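Below: the structure, in structure tokens.
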Amino acid sequence: MAVIEVVQGDITLQDTEAVVTAANESLMGGGGVDGAVHRAAGPRLADAGAAIGPCEPGDAMATPAFDLDPPIRHVIHAVGPVWEGGEYGEAEVLASCYRRCLEVTDGLGARSLALPAIATGVYGFPAAQAARIAVATLRSTPTEVERIRLVAFDQQAYDLLTAELAAASDRTHVQSDSGQG
Ligand code: ADP
């Protein structure tokens, strides 16, 4: 099973083989984390995105990482849901993003992946619910990825993700304890 960890930092500076950006459907670059990834990867990233896009919300597509520093070799462009109050399938679309990120990474043969808190910036998804979905989906999706790193940009996201991860592993321990008893 993959090890899931939480760090606070910048997605462009991670020592993983693949990093996820929270893209818009065009895959040609945007603000927030996507702006940071495109700046660090250089202009070829937008060209590569344009060549494979557009990408539907809930899906993810891969390009090379261009000028990002090794070991990062792949950028996974995931398109999150725009939050419209929660009754338009936003939670399922967000879960789908995380599943697709793992599937696409598996397809590339990469074994380590860093992900930002998709959709919690300009797209407006509530951070606590997003953290719950991120952790639950990454834990329940079968994958060959060995190291999954959730990268929180601010303290609030870090605290939420850390708490979700701790709660999820507590539940697992309770289940396996009772299974043995
Ligand atoms: P979206 O449009 O999907 O909401 P944003 O980029 O606006 O995407 O925000 C997604 C999350 O990425 C937010 O929690 C934001 O704080 C975070 N973020 C912004 N810049 C970076 C960065 N360089 N590295 C990691 N996370 C970042």
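Quantities reported herein were computed from a predicted structural model and do not represent experimental measurements. No hydrogens, no waters, no symmetry mates; every other heavy atom, side chains included, goes into these values. All residue numbers refer to positions in the sequence shown, counting from 1. Indexing begins at 1, ligand by ligand and atom by atom, following the structure's order.
- The shortest heavy-atom distance from A157 to ligand 1 is not under 4.0 Å.
- For atom 10 (C) of ligand 1, the nearest protein heavy atom (residue, atom name, distance) is A117 O, 3.3 Å.
- V19 has its side chain within reach of L68: a pair of non-hydrogen atoms, C-beta onward, lies under 4.5 Å apart.
- In this structure the side chain of I148 never reaches within 4.5 angstrom of the side chain of V3, judged on heavy atoms.
- Screening L27, T21, I76, V75 for a side-chain contact (heavy atoms from CB on, under 4.5 Å) with T63, the sole residue that qualifies is V75.
- Looking only at heavy atoms of the protein, atom 24 (N) of ligand 1 is closest to I11 N, 2.9 Å.
- Residue Y123 places at least one N or O, backbone or side chain, under 3.5 Å from an N or O of ligand 1.
- Near G32, meaning under 4.0 Å from any of its heavy atoms, are these atoms of ligand 1: 6 (O), 20 (N).
- Under the 4.5 Å side-chain contact rule for hydrophobic residues, I52 and V79 share a cluster.
- Residue-ligand proximity, D10 to ligand 1, at heavy-atom distances under 4.0 Å covers atoms 22 (C), 23 (N), 24 (N).
- T120 counts as a contact of ligand 1, since one of its heavy atoms falls under 4.0 Å from the ligand.
- In this structure, E164 contributes its side chain and L160 its backbone to no donor-acceptor pair below 3.5 Å.
- Of the protein's non-hydrogen atoms, V122 N, 2.8 Å is the one closest to atom 7 (O) of ligand 1.
- Comparing heavy-atom distances from atom 6 (O) of ligand 1 across L13, T21, V82, V33 singles out V33 as nearest.
- The distance from atom OG1 of T16 to atom CD of E5, rounded to the nearest 0.5 Å, is 9.0 Å.
- Less than 4.0 angstrom separates some heavy atom of A36 from each of these atoms of ligand 1: 23 (N).
- Of all heavy-atom pairs between M28 and A46, the closest is O-CB, 3.5 Å.
- When each atom of ligand 1 is checked for a heavy atom of A22 under 4.0 Å away, the hits are 3 (O), 8 (O).
- Considering backbone and side-chain N/O atoms, A119 comes within less than 3.5 Å of an N/O atom of ligand 1.
- Looking at heavy atoms from C-beta onward, V82 lies out of side-chain contact with Y88 at the 4.5 angstrom threshold.
- Considering both main-chain and side-chain atoms, G121 comes within under 3.5 Å of ligand 1 through a nitrogen or oxygen pair.
- Checked against the 6.0 Å centroid criterion, the rings of W83 and F125 qualify as a close aromatic pair.
- Nearest protein heavy-atom neighbour of atom 21 (C) of ligand 1: F153 CD1, 3.4 Å.
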